[in-house]
**Q** 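Here it is, the structure in full.
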Amino acid sequence: MHQLVRIGMDTSKKVFQLHGVDAEERVALSRKLSRHQMIRFFEKLPPTVIGIEACGASHHWARTLGALGHEVRLMAPQLVKPYVRRSKNDAADAEALCEAMSRPTMRFVPVKTVEQQAALMLVGMRERLVGRRTQLANSIRGYAAEFGLTAPLGLSRVEPFLRQIASEDILPSLAREMFAQMAEEYGALMEHIRELDEKLATWHRSQEVSRRLSGIPGIGPLGAALLLMKAPDPHLFRSGRDFAAWIGLTPRDHSSGGKVRHGGITRAGDSRLRSTLVVGATTVLRHVRQNKQSRLATPWLVSLLGRKKAKLAAVALANRIARIAWKLMTSGETYRKPVAVDAMTAATAS
């Protein structure tokens, strides 16, 4: 086993498939091990390089094997897939991992600490509860419509609407009982979400980088926390454009024969982070449209609103916000507020 220079490991709950090669790229290891056998195997093995697909529990195994002296490299599944040969099985996946990690242009996923994963768990819990709240609010509106009661728009109107339903005499007693149960469930969800928001705000205040990111228009505490939690080391990206492309805010390229064809955004990266940036950009655009003299109404943004539809403008602004965020994370600088349109006009006239 001292000849092994690289091992690809396909993981699962109970079975781990290993594929290793020696210095001459010859197959020196092809073995399927149980969970306990795998740990004992790497305890006895001299330090080597191990490739694992970035998936569930991969960060745990990276920390565990790293503590044994091995170098663990995590790879995104979509980057490993091209190296899988004709058949899809555990052995082929392990071989593909071993081959992919040898490529000089391969990009690796940084291993997260337990603290980082705990912070991500906090965000995931909040997302799940927000999804349940939306589902429950839609159910309340749908059931109320069956009795001729129309709910006003907005989540802030749901609780007053439930109090209105409780006072309606036209509803059967069984319906009022069911609405009362939904009101109780909705109130509990709102309380849980408020608790998680407080924990997230506490985490945000404890992170200096997150506080600096929240100064960017369109990025609040949630957006800043998501950028810091979900994005890898910003120094791994060559430019802000590469960072925006990782998030999925750049056009999809489908060019051939010298003809350039750009489609919609790629939607790569983390969907929650991308949607949060777009929602933040939409809020900025709404503020600029309502107040043309706002400091956010930069010449670039005013020109963008005049040329593009609202949704396209929001995505373009989200792309710009992502680039600014990358610059702040890599340079340690603080966001400087833009010069407003009226100030630019006055400076030009003088």
Side-chain angles (χ1 to χ4, degrees), residues 4-23 25-33 35 38-39 41-42 45-114 116-117 120 124 227 229-239 242-248 250 252-253 266-274 326:
L4 289 171
V5 296
R6 196 170 66 250
I7 297 176
M9 183 170 71
D10 182 63
T11 62
S12 66
K13 292 181 179 179
K14 297 181 180 180
V15 178
F16 297 80
Q17 180 72 44
L18 308 183
H19 181 93
V21 296
D22 58 19
E25 296 295 327
R26 295 177 301 190
V27 178
L29 171 68
S30 182
R31 185 180 301 181
K32 182 180 293 185
L33 302 174
R35 191 185 188 96
M38 182 271 293
I39 295 176
F41 173 81
F42 283 110
L45 190 71
T48 187
V49 182
I50 306 169
I52 304 177
E53 188 177 87
C55 57
S58 61
H59 293 275
H60 163 73
W61 290 120
R63 293 191 298 267
T64 301
L65 297 177
L68 298 177
H70 302 288
E71 179 184 351
V72 182
R73 298 177 181 177
L74 302 182
M75 292 165 284
Q78 63 268 26
L79 300 183
V80 178
K81 187 174 178 60
Y83 297 93
V84 178
R85 296 188 180 179
R86 297 182 64 180
S87 299
K88 169 66 174 74
N89 51 55
D90 292 348
D93 289 344
E95 183 180 1
L97 286 162
C98 188
E99 176 66 22
M101 65 188 294
S102 69
R103 300 299 91 194
T105 57
M106 179 56 61
R107 299 191 299 271
F108 300 102
V109 178
V111 179
K112 289 182 172 61
T113 64
V114 288
Q116 288 174 321
Q117 289 195 293
L120 283 172
L227 276 168
M229 291 176 183
K230 292 182 174 292
D233 183 1
H235 295 91
L236 297 175
F237 300 96
R238 294 177 299 176
S239 64
D242 287 352
F243 183 67
W246 174 82
I247 298 175
T250 51
R252 186 184 302 276
D253 193 1
T266 62
R267 290 183 170 85
D270 187 85
S271 59
R272 180 59 179 169
L273 174 58
R274 183 176 58 257
W326 175 84

**Q** For the OG1 atom of Thr64 and the CE atom of Met38, what is their distance to the nearest 0.5 Å?
**A**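 If we round to the nearest 0.5 Å, Thr64:OG1 and Met38:CE are 8.0 Å apart.
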
**Q** Do you know which two heavy atoms are closest between Val5 and Asp22, and how far apart they sit?
**A**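 Minimum heavy-atom contact is CG2-O, 3.3 Å.
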
**Q** Taking the side chain as every heavy atom from C-beta outward, state whether Leu236 and Phe243 have any atom pair closer than 4.5 Å.
**A**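 No, side chains not in contact.
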
**Q** I want to check something: taking the side chain as every heavy atom from C-beta on, are Arg35 and Lys14 in contact at a cut-off of under 4.5 Å?
**A**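 No - every pair of side-chain heavy atoms lies 4.5 Å or more apart.
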
**Q** Below 4.5 Å, heavy atoms only, C-beta onward: do Asp93 and Gln17 meet side chain to side chain?
**A**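 Of all side-chain heavy-atom pairs linking Gln17 with Asp93, none is under 4.5 Å.
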
**Q** Heavy atoms only: give me the nearest Cys55-Thr11 pair and the separation to one decimal.
**A**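 Cys55 and Thr11 have their closest heavy atoms at SG-OG1, 4.0 Å.
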
**Q** For Arg103, does the CZ atom have more than 12 heavy-atom neighbours from other residues, nucleotides or ligands under 6.0 Å away?
**A**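 Yes, because the 6.0 Å sphere around CZ of Arg103 holds more than 12 heavy atoms from other groups.
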
**Q** At their closest point, which heavy atom of Leu120 faces which heavy atom of Lys230, and how far apart are they?
**A**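 Smallest heavy-atom distance, with atoms named: CD2-CG, 3.8 Å.
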
**Q** What distance do Trp326 atom CH2 and Phe237 atom CZ have between them, rounded to the nearest 0.5 Å?
**A**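 Reported to 0.5 Å precision, the distance equals 10.0 Å.
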
**Q** To the nearest 0.5 Å, what is the distance between CG (Asp90) and CD (Glu95)?
**A**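 Answer rounded to 0.5 Å: 13.0 Å.
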
**Q** Please give me the minimum heavy-atom distance between Val109 and Met75, naming the atom from each residue.
**A**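 Taking Val109 first and Met75 second, the nearest heavy atoms are CG2-C, 4.3 Å.
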
**Q** Can you find a heavy atom in the side chain of Met9 that is under 4.5 Å from one in the side chain of Leu65?
**A**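 Met9 vs Leu65: side chains touch.
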
**Q** Restricting to non-hydrogen atoms, name the atom on Leu97 and the atom on Glu53 that form the minimum distance, rounded to 0.1 Å.
**A**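 Closest heavy-atom pair between Leu97 and Glu53: CD2-N, 3.6 Å.
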
**Q** Got a sec, which residues hit side chain to side chain donor-acceptor pair (under 3.5 Å) with Asn89, two or more places apart in sequence or on another chain?
**A**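 Scan of Asn89 (side chain to side chain donor-acceptor pair (under 3.5 Å), adjacent residues dropped) gives none.
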
**Q** My understanding is that only residues two or more places apart in sequence, or in another chain, count here; which of them pass side chain to side chain donor-acceptor pair (under 3.5 Å) with Arg6?
**A**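 Side chain to side chain donor-acceptor pair (under 3.5 Å) check on Arg6 returns Glu25.
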
**Q** Do Phe42 and Leu18 have side chains that approach each other closer than 4.5 Å (heavy atoms only, starting at C-beta)?
**A**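 Counting from C-beta outward, Phe42 and Leu18 do come under 4.5 Å.
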
**Q** Quick one: OG1 on Thr48 to CG on Leu68, what's the gap to the nearest 0.5 Å?
**A**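 That separation rounds to 12.5 Å.
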
**Q** With a 4.5 Å heavy-atom cut-off, do Trp246 and Leu273 have their side chains touching?
**A**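 Of all side-chain heavy-atom pairs linking Leu273 with Trp246, at least one is under 4.5 Å.
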
**Q** Restricting to pairs with a member in residues 66-80, which pass salt bridge (charged side-chain N to carboxylate O under 4.0 Å, His left out), not counting sequence neighbours?
**A**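 Sorted result for residues 66-80: Glu71-Arg73.
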
**Q** Going by heavy atoms in the side chains, are Glu99 and Arg85 under 4.5 Å from each other?
**A**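 When only atoms from C-beta onward are counted, Arg85 and Glu99 do not touch, as no gap falls below 4.5 Å.
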
**Q** Look up atom CD1 in Ile50 and atom CH2 in Trp61, then write down how far apart they are to the nearest 0.5 Å.
**A**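 Here the interatomic distance stands at 11.5 Å.
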
**Q** Shortest non-hydrogen contact from Lys112 to His59?
**A**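 Where Lys112 meets His59 most closely, the heavy atoms are N-ND1, 3.0 Å.
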
